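Hydrogens, waters and symmetry mates are skipped; everything else that's a heavy atom, side chains included, is used. The shown structure was predicted, so the numbers you read here are calculated from the model rather than taken from an experiment.
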Amino acid sequence: MKFILNGKSVTFDGEPDTPLLWVIRDHLHLTGTKFGCGIGACGACTVHVDGEAVRSCSYPLALVQGRQVTTIEGLSEERSHPVQQAWIQEEVPQCGYCQSGMIMAVSAVMARKPLPPESQVYREITNLCRCATYYRIRKAIHRLYLTQEESS
């Protein structure tokens, strides 16, 4: 299987039904994408495939053949992506385990043009946070909307 990971061509010579998460973590050694539940429910493993957020723990490698995959490591250099900056400014993470998946989910929604209403973003982000930082997550998303309005 060949695909583009964070802008670089990679090859994996394993079973096509191998979950993308295990290829990313165990074979390509990018550990920012986390294992949470293994059934695609919690979202800790969220990555982008061609710009869309997917749960990599239940996403078979066969589906990424020839496609673009972006992990938290490839989202931006030095945490400069607007979603990462909003997370930092609002001090969102507590333990931080789920936050790379949360950032990937939010960044996929925020990349849409035109932006969906803020309330729709809250409904679409189904990632779970065991530390319950949802209030700070909402503040960070709201900050992103304010920043978008100021730059328009």
Asker: Does R130 have more than 12 heavy atoms from other residues, nucleotides or ligands lying within 6.0 Å of its CZ?
Answerer: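 Atom CZ in R130 is not crowded, with 12 or fewer foreign heavy atoms closer than 6.0 Å.
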Asker: Give the C-alpha distance, both sets of side-chain angles, the deciding distance and a yes or no for side-chain contact (heavy atoms from CB on, under 4.5 Å) between E73 and N6.
Answerer: CA-CA 8 Å; E73 292 92 346; N6 298 333; 4.2 Å; yes
Asker: Say whether S80 and Q85, considering side chains only, have a donor N or O and an acceptor N or O under 3.5 Å apart.
Answerer: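 Side chains of S80 and Q85: no pair found under 3.5 Å.
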Asker: Do the numbers put R25 on top of the ring of F35, so that NZ or CZ is under 6.0 Å from the six-membered ring centre and no more than 45° off the axis?
Answerer: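 No, a cation-pi geometry is absent between R25 and F35.
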Asker: What's the shortest heavy-atom distance between L115 and V109, and which atoms?
Answerer: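 Where L115 meets V109 most closely, the heavy atoms are CD2-O, 4.2 Å.
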Asker: Would V10 end up clustered with L21 when hydrophobic side chains under 4.5 Å apart are linked, directly or stepwise?
Answerer: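 The answer is no; the residues belong to distinct hydrophobic clusters.
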Asker: If hydrophobic clusters are built from ILVMFWY residues whose side chains come within less than 4.5 Å, do V54 and L61 share one?
Answerer: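 Both belong to a single hydrophobic cluster.
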Asker: Taking side chain as C-beta onward, heavy atoms only, is T11 less than 4.5 Å from D13?
Answerer: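 Heavy-atom side-chain distance check passes, below 4.5 Å.
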Asker: Nearest heavy-atom pair of I125 and M102: which atoms, and what distance?
Answerer: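 Minimum heavy-atom separation between I125 and M102: CG2-SD, 3.7 Å.
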Asker: Mind checking whether V69 and L30 sit in one hydrophobic cluster, side chains of I, L, V, M, F, W, Y counted as touching below 4.5 Å?
Answerer: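 Same hydrophobic cluster.
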Asker: How long is the gap from CG on L63 to CG on L20, to the nearest 0.5 Å?
Answerer: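 If I round to the nearest 0.5 Å, the distance is 9.5 Å.
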Asker: Taking all atoms of both residues into account, what is the closest heavy-atom pair of M104 and A53, and its distance?
Answerer: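 Result for this residue pair: O-CB, 4.4 Å.
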Asker: Which heavy atom of S56 sits nearest to which heavy atom of V47, and what is that distance?
Answerer: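 Result for this residue pair: CB-CG2, 4.0 Å.
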Asker: What distance separates C98 SG from L128 CG, expressed to the nearest 0.5 Å?
Answerer: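 Going from the SG atom of C98 to the CG atom of L128 covers 8.5 Å.
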Asker: Is a donor on one side and an acceptor on the other found under 3.5 Å between the side chain of T147 and the backbone of R143?
Answerer: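 Checking the backbone N and O of R143 against the side chain of T147, a donor-acceptor pair under 3.5 Å is found.
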Asker: Between Q94 (side chain only) and A132 (backbone N and O only), is there a donor and an acceptor less than 3.5 Å apart?
Answerer: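 No.
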Asker: In Å, rounded to the nearest 0.5 Å, how long is the span from CD of Q99 to CD1 of I72?
Answerer: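 Answer for the CD-CD1 pair, Q99 versus I72, is 9.5 Å.
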Asker: Less than 4.5 Å apart, side chain to side chain, heavy atoms only: is that true for L75 and I103?
Answerer: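 Of all side-chain heavy-atom pairs linking I103 with L75, at least one is under 4.5 Å.
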Asker: I'd like to know whether R55 forms a side-chain hydrogen bond (donor to acceptor under 3.5 Å, both in side chains) with T126, so could you lay out the CA-CA distance, the side-chain angles of the two residues, the decisive distance to 0.1 Å, and finally the verdict.
Answerer: CA-CA 11 Å; R55 307 284 170 97; T126 59; 2.7 Å; yes
Asker: Hey, what do you get for CE (M110) to CD1 (I141), rounding to the nearest 0.5 Å?
Answerer: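 These two atoms lie 8.0 Å from each other.
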Asker: Is it true that R123 and E118 make a salt bridge, defined as a side-chain N closer than 4.0 Å to a carboxylate O?
Answerer: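 Looking at E118 together with R123, the answer is no, because their closest N to O distance does not fall below 4.0 Å.
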Asker: For the NZ atom of K34 and the CD1 atom of I24, what is their distance to the nearest 0.5 Å?
Answerer: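 Those atoms lie 12.0 Å apart.
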Asker: Which pair of heavy atoms, one from F3 and one from V64, lies closest together, and at what distance?
Answerer: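 For F3 versus V64, the nearest heavy atoms are CB-O, 3.2 Å.
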Asker: Under the 3.5 angstrom rule, does the side chain of D50 hit a backbone N or O of Q68 as a donor-acceptor pair?
Answerer: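 A pair under 3.5 Å: yes.
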Asker: Measure the shortest side-chain to side-chain distance between W87 and P93 over non-hydrogen atoms and say whether it is less than 4.5 angstrom.
Answerer: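 W87 vs P93: side chains touch.
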Asker: Please indicate whether Q65 has more than 12 foreign heavy atoms, meaning atoms of other residues, nucleotides or ligands, lying under 6.0 Å from its CD.
Answerer: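 Counting neighbours around CD of Q65, more than 12 heavy atoms of other residues, nucleotides or ligands fall under 6.0 Å, so yes.
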Asker: Which heavy atom of Y97 sits nearest to which heavy atom of A44, and what is that distance?
Answerer: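 Looks like CE2-CB, 4.5 Å.
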Asker: State the CZ-CG distance between F12 and L5, to the nearest 0.5 angstrom.
Answerer: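 Between atom CZ of F12 and atom CG of L5 there are 13.0 Å.
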Asker: Is there a side-chain contact between V83 and L144, using heavy atoms and a 4.5 Å cut-off?
Answerer: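 Of all side-chain heavy-atom pairs linking L144 with V83, at least one is under 4.5 Å.
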Asker: Considering only heavy atoms from C-beta outward, does the side chain of S107 approach that of Q84 to under 4.5 Å?
Answerer: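 A side-chain contact under 4.5 Å is absent here.
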Asker: Could you check whether R136 pairs with E90 (Lys NZ or Arg NE/NH1/NH2 to Asp/Glu carboxylate O, under 4.0 Å)?
Answerer: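 No.
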Asker: Step by step, would you call E124 with R112 a salt bridge (charged side-chain N to carboxylate O under 4.0 Å, His left out)?
Answerer: CA-CA 13 Å; E124 287 187 39; R112 291 189 201 144; 2.7 Å; yes
Asker: Determine whether the side chains of H48 and T71 contain a donor N or O and an acceptor N or O closer than 3.5 Å.
Answerer: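 Absent: no donor and acceptor within the cut-off.
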